[in-house]
Every structure is written in C-alpha cells, then in structure tokens.
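What follows is a single structure, written as structure tokens, with notes after it.
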Amino acid sequence: MIAQVIIDIPAQQTNRTFDYAVPPELETLVAPGMRVLVPFGRGKKHQRQGFIWRLANQSSFKGQLKPLAEILDLAPVLNGEMLALAGWLAQDTFSFLISCLQTMLPNALRASYQRRFHLLTPLPADSPLTALLDDPTNGHLPDELSPLLLRTLRNAEQAGQLTIAYQVAQRTKVKHVTVFTVKISPAAAQAAQSELRANAHQQIALLNLIQAQPGFSGASAAWQAQLPELTGATLTTAVKKGWLQRSEQEQYRRPNQLPQPKAALPLTNEQQTAYQAVAAAMADRRDQVFLLEGITGSGKTEVYLAAMADALRQGKTALMLVPEIALTPQMVQRVQERFQKDVAVLHSGLSAGERFDEWRRIERGEARVVVGARSAAFAPLQNIGVMIIDEEHESSYKQDDMPRYHARDVILHRAVTHQCPVILGSATPSLESRARAQKKVYQLLRLTKRPQTAHLPTVQVLDMRDADKVAGKPSFSTVLITALQQRLDRHEQSILLLNRRGYANFVMCRDCGNVIKCPNCDISLTLHRDIQALKCHYCGHQEPIPQACPVCQSRHIRDFGAGTQRIELELQEILPTARILRMDVDTTARKGGHQRLIDKFGRQEADILLGTQMIAKGLDFPNVTLVGVINADTSLSLPDFRASEKTFQLLTQVSGRAGRADKQGQVLIQTYNPDNYAIQLASHQDYEAFYQREMHLRHAGGYPPYYYTILVSVNHRQEDLAAQKIYQLFRQVQPVLSPTAVLLGPTPRMIARINNQYYYQFIIKYKHEEKLFTTLQRLVLEMQQESGFQLRIDREPLQIS
DNA sequence: AGCACGCCGACT
DNA sequence: GTCGGCGTGCTC
C-alpha cells in the first residue's frame, strides 16, 4: 500500500503529492485526512509534516519509495467533505493544496504540539495499556508511538475509555494562579494568635479562619471572600511567619461565561415570511440562497436565530459567519442567549489552545451552532441545516493571502454538499449579490420596517465648500460643533467618524471639491510622492501633479486627508470640556483594547467617540443621539470602481448608529460633494435607489457585477524578467479568450518594487470563458518549473492595485 | 527549508 | 593542482 502525501515545503511552490510506502503494521491505521510525519529530502534526520491525500495500491514514481515515519492522528483531522473542499478550493483560487488544508485546521494542529491522553473511566485492570505505558494514569505519551500502542489507544478511545488531546507547546502559555494553603495545625494557630498584639485585627481574623477551617486553600480572592477586610499584605505576612504556604497552580482556560438564556421573540409578519421561505428550503433539502435585505434595526438577527433553531430541532447543525467577530460581541451574545452551550465561537481573539478546544467541540458534535469570522467557513460541522453570512457585503470575508478565498464562495459550495439553504444578510448588500437576486439566482427577502417604535434619525448633508467653519480648524463646520455642544449640555453621547479610506492618496481641490481623475477610467488618480506623479491603478495612466485645479484654477489643490490624532487635538481645543475617546489602530492595537474602549464608552465615561470605520460596525449605544461624519468624501475618491459602494455602505451603517432607542437621533454628514448620489442616497437610507443607480454606472464602465475580474501578477528580482514574463503569460491567455472578454495591461503594479521584487500584472474582465480557468491552472503548474518567479492569480480582487 | 551538486578564485 | 564560494535544483 502506498500513501499519496501532501507535504508542506516552505517558500517553495509545489503542488503535488509525494508517494510513500505504508509499513504493513500501519496499513490498518492509515486513512486520508490524517497528518503524518515523513522523511523528506536528503536530510535523513528531519521529518516533515504532511497530510495523507489518498491511499493507493501502486505508485507511478520510478525511484525507491521511503516509508511513512509516523502517523500523528488516530482519526483523520479532515473528513471526506473537507478534503474534497480543499481540492475544490485549490482549483478555484489557483492556490496550493497544502495551504488550503492548513487554513482549514486550527493553528494548534499546525504548530508543534504534544500529545497527551485523558482517562474518562478508570482503565480496566487487564488493559493492554498498563503494559505499554510507564504510567497509564498520568496522561503522558512517549514521543514516538509504536503501531501497537497506536492501535491500542485507538481501541480505548473508541471504547470511550480515554480521549487524546494535543497540547500546543508554543503560543499557549499555561496560566498560573497563586494559591495559599494552610500549613499549620489549629493548635499552632491558636498559639500564634496569643503572641499577637490586640490591634493586629487582620492577622487575628486570619488565624481564626485557619482554626475554623484547617484545610482551607485558595487564591487570595477566595480568602478575601471569607474575610472581606483581608489585604494581600497580610497573606504575605502569614507566608513569612510560616502559617500559610504559597504555591503556583495551573489555571484552566476560562470557560465561556454564558449569558442568561432568552426565549425567542415573536416574529413580525415580514420576519415570519422570510423565516418560512428558509424553513421550506431546509425541509426540502434545497441549496437555495436567500438574500435578506433589511435596514439596521429591522430584525435580521431574529430571522437568523429562528432558522438556526429550526435546524437544531431537525437534529441538524447551523453555521453563522460575522465579520471580524471582535466587533460584534452583541451578535455573539444573542446567539449564546438562545442556544447556550450548543454554541462554539471561533474568532481571532482566541488563543491557539482556546480555538482548538472550540474546534474539537464542533468536530465531536458537542457544539451544533458555530459563530465565527471568515475562517469559520471551514468549521467541521456535519449535517448542516442552514448557513448564514451576516453583513455579507463586508470585504473581510475575502482572505488577502493564499489561498485568496472568499468565505461566501466556500459557504455556497458547502451548501451544495450539505443540501441546505444559505442566508446572506445585509442592510447594504454587495452589488454582486443584489444583482444575483435580481436574476433570481438568489431569492430576495426584504425587511422594510423597524419593529420597535424607534424613529429613523434625521440626516443632514453639510456642504463643506461654503459652510461656516471653525476658525483655523477647517475640518469642523460650526453646525457640527454646535450639535456636539448641545449633546454635551444634555449629557448625551456622540459618535464622530473620520473616514480614513483612501487617506492622503488622492488630490483634491479645497475650493471646488474637484478630484483629479484618470481620463480613461473615470477613477481618481493616486498620488505618488516618490515619483512626483499621479497614477491610475487600473490602466497605468500617469500625469504630473497639477499646480492649479483644472476646473476652477484655484491653487488650493493638494492631497487630502487627516489623521485621527490631529482631529482629536483640534476637537479638544474647540470643545475643551468634552471627554473624547479616540478609537483607531493605535489605541486598539493591544489585545482586547477594542472591547475596553467600547465598554468605556458604553459606561458613558466619555462624551465623544472619535474613530475610523471600525466604529461603524454593529455597535449599539442607547445614549448616542448624534453621529457626525467629518469627511464623507475620502472613500469616494478611492482609485477603485467600488468607491461609491464603499462610501454608501459606510455612511448607511454609521447613520444607523444614531437614535436607536427612544431618543431622536441626528446625523450630520460633512462633505465636499453634497450632490453625489452615494452620499445623497445614504442620507435617505435608500439602498434600492443606490443599487439601481450604481448598476447603471457599473454597466457603462464594464465593471463587476457585469464582468468578472481576475488579476494575474508576476514578480521577479529582475525587472526586465518580470516584464518579459507577464507579456509571455499575457500572450498565452489572450488567444483562449472570446471577443467579449477585455484585457487590461500588462502594466507595472502601482508600487512596482516591493522587497526588491518587481511586480507586473494584467487584468482580465470576462463574462463566460470556457477555457480561461484551465488555462490559468495550467500556467500555475508550469510556473512551478521556473524558479525566481512568483505567480499570483486573484479572482475578484478587492482592490485593483 | 535543507542539502547536494556544480562550476570559478586564492591557497597548502 | 585542491579547498570552498554559494547559485541552482530536488526532495517520493
């Protein structure tokens, strides 16, 4: 028997299996999806980790096969569905199998680790493990497992006698807690007590406790629970006097504190209609995709919860993706309230060990509901009844390095396998998804009413070209400052959004708001200080930086943008009494920093929350009655055909943050483009009108969703070789395309040189191309032979740069 | 990544 | 003449 193994070879582009002989004693143990150690390369000592991809009877390899060294798993870590999914993903994203397999697994299974077992029941006296292990109770396993031991362990695991656990050697630090244990007898305590001064109250109380409970032991908090007046210093004294013993004890990972259970809310008519459509698809085992479109506060979450509850009732499981989960603790809490310990949460804030624990709970079927960020799309759930992607338009669902997958595509693919419905939910769906609903590929479900009595906020667009501005502070209109002052007087809170997207990257006229655009692409040009020029990311057009505005001849034309820090200082000068909380990458870099700031603002320890896009998402503060947008324009001028869509989404989202409770909310949007349709329609929260308008422009410009896009890029240390290669690739792709396809480029990439690597690229825009995919896959394979080059193929790149 | 193979300069 | 420089290529 031979095993085809996928091996992880760093820094090398290799996408094939290597055949290994399976030693006879392992033949009954191996299965596809297991991790193995194999000897690889001439280095006899070092073994590499790999995955068994397939088992076969013979090899086509001509040379002498090496044997598998060791198998690392008693049962496959990836089941048949996951292996097939990895194969599809590698093809679909033009990436390597090994990177797909690895992104599916929690880090703990990639890093170095140690195996231990935990006994679930006392071992029977005749257990063969007694003979095979030095001590069958301590959980310790030898570094190398003999096939006999492996087999015995697996039998014991299947008999429910023990479980095998992997402990991550690195990264997960074992937490310790200081424990104080009584060391002296009650009699000795009494003797010690008589020697103390009468006013040593704490020590006397402590000795009383020791006499009353001689076996007492615990952390200082436990002692203090018994003796509220006790301080840490007294415990230290007690240790010094020999009454207590101080020791470090391992602290187990904090079990998730579950919120109080909450019953389902009654559904509104709209919600009921939406839910029933999904439930019907689930009952019929149809892999139907639903686009649930509903403004903030319209109750999409209740529909999700109802659908997930339905899946559980049928003995199935449910998977829900949310963007960057740290940003939406409210969502996690609502799912946990409903489904309690059935929920596993997967997000980036977990340590490798915690993440692995959650993954194991899912794999074993202990957790039947999964909530997680992008990578949770690979959660090893079985028998999935429904999958949900909340805020489906979010760009964080696309991974930016290999494999460049989009979680939405993974979910849609799994839906076919599991024959289950998918709900894509958003207040501002991506144009791609909304267009598919138009074409009846997805079924559109709309929630148009806010169930609670909450009023929509009043939205006002402020024209910054002729607005009164605070002297010396051109970022603030007096209208906005007056509104902020009002909130300070009324002890209400405000949120200020500083739109940093596209910061300082484009050139705009301060007088008329004109942004320099590419003559060919209708996309704003990007400023490159290094070469003193404006460049188009899309077609490569280049022009010098103008001295005066080409529209109004004003000389106040320059790069645009402002940092949060500077804005904070300016605002503090204007409103000296305001307590301002700044939220940006600097203040949230530390783990949990984001949540700390949110909690602080929620406790009303600040009046104004000033931040970038991250404040727009999923936060709900009842006391916030004003939302101000300092500069709505910046994201509008991104060198990207999605600029309007991004701006619309951001403004709609942030506007929804005002006045969600009983108080009337106000939104003020400062802009140099007050007539722009994205800003106007966002101020009316009119997604459908925006969709119609934007689709029109996309159609005229030949952009997605009317075309699919693929970016092909090549890099090499030598510029001429990279350029040569991109033309060579270009010539190979061109002839297989139909006349409806459009090729842009080749051009050097915007930042043509990174790390002494030169990048060249071209873009393919297409509708239906039979041969394109196989051609590109062939190119990926062929490029493996050519060293020095790196080929990158990105489907539907988020930004074209 | 390792490690070997391979084809050009300063040394016993 | 050889020791060794690290560029290039392979690893079942």
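Every chain is numbered from 1, with letters handed out A, B, ... down the list of sequences. Computed from heavy atoms alone, side chains included, the values below leave out hydrogens, waters and symmetry copies.
Remark: P of C:dG9 and CZ of A:Phe789 are 12 Å apart, rounded to the nearest angstrom. For the pair A:Gln64 CD and C:dT11 P, the computed distance is 14 Å after rounding to whole Å. With rounding to whole Å, A:Trp53 atom CH2 is found 21 Å from C:dC12 atom P. Distance CD1 (A:Ile6) to C1' (C:dC12): 12 Å, rounded to an integer number of Å. For A:Asp8 and C:dT11, the CG to P distance is 18 Å, given to the nearest whole Å. Going from atom CG of A:Asp19 over to atom P of C:dT11 covers 12 Å, rounded to whole Å. A:Arg54 places its CZ atom 16 Å from the C1' atom of C:dC12, with the value rounded to the nearest Å. Atom pair A:Lys66:NZ and C:dC10:P shows a separation of 16 Å (rounding to whole Å applied).
The existence of a salt bridge linking A:Arg361 and A:Glu358 is confirmed by a sub-4.0 Å separation between a basic side-chain nitrogen and an acidic carboxylate oxygen. Looking at A:Lys398 and A:Asp794, a side-chain N of the basic residue comes within less than 4.0 Å of a carboxylate O on the acidic one, giving a salt bridge.
For the pair A:Arg16 and A:Phe18, the cation-pi test (distance below 6.0 Å, angle within 45°) is passed.
The ring of A:Tyr405 has its center closer than 6.0 angstrom to the ring center of A:Phe378.
Crowding of A:Gln382 atom CD: a count of heavy atoms from other residues, nucleotides or ligands under 6.0 Å not exceeding 12.
Counting non-hydrogen atoms under 4.0 angstrom, A:Phe61 reaches a base of the nucleic acid. Here A:Gln4 lies out of heavy-atom contact (under 4.0 Å) with every strand.
Panel note: side chain A:Asp73, backbone A:Arg35; a donor-acceptor pair is recorded below 3.5 Å.
Residue A:Arg48 places at least one side-chain N or O closer than 4.0 Å to OP1 or OP2 of B:dG2.
Remark: A:Thr28 engages A:Arg151 in a side-chain contact (heavy atoms from CB on, under 4.5 Å) (not counting sequence neighbours).
Where stacking is scored as ring centres under 5.5 Å apart with planes under 30°, A:Phe18 does not register as stacked on the base of C:dC12.
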**Report entry** Dot-bracket line, read 5' to 3' along DNA chain C, where crossing pairs take [ ] and | marks a partner on another strand, Watson-Crick or G-U under 3.5 Å
**Finding:** |||||||||||.
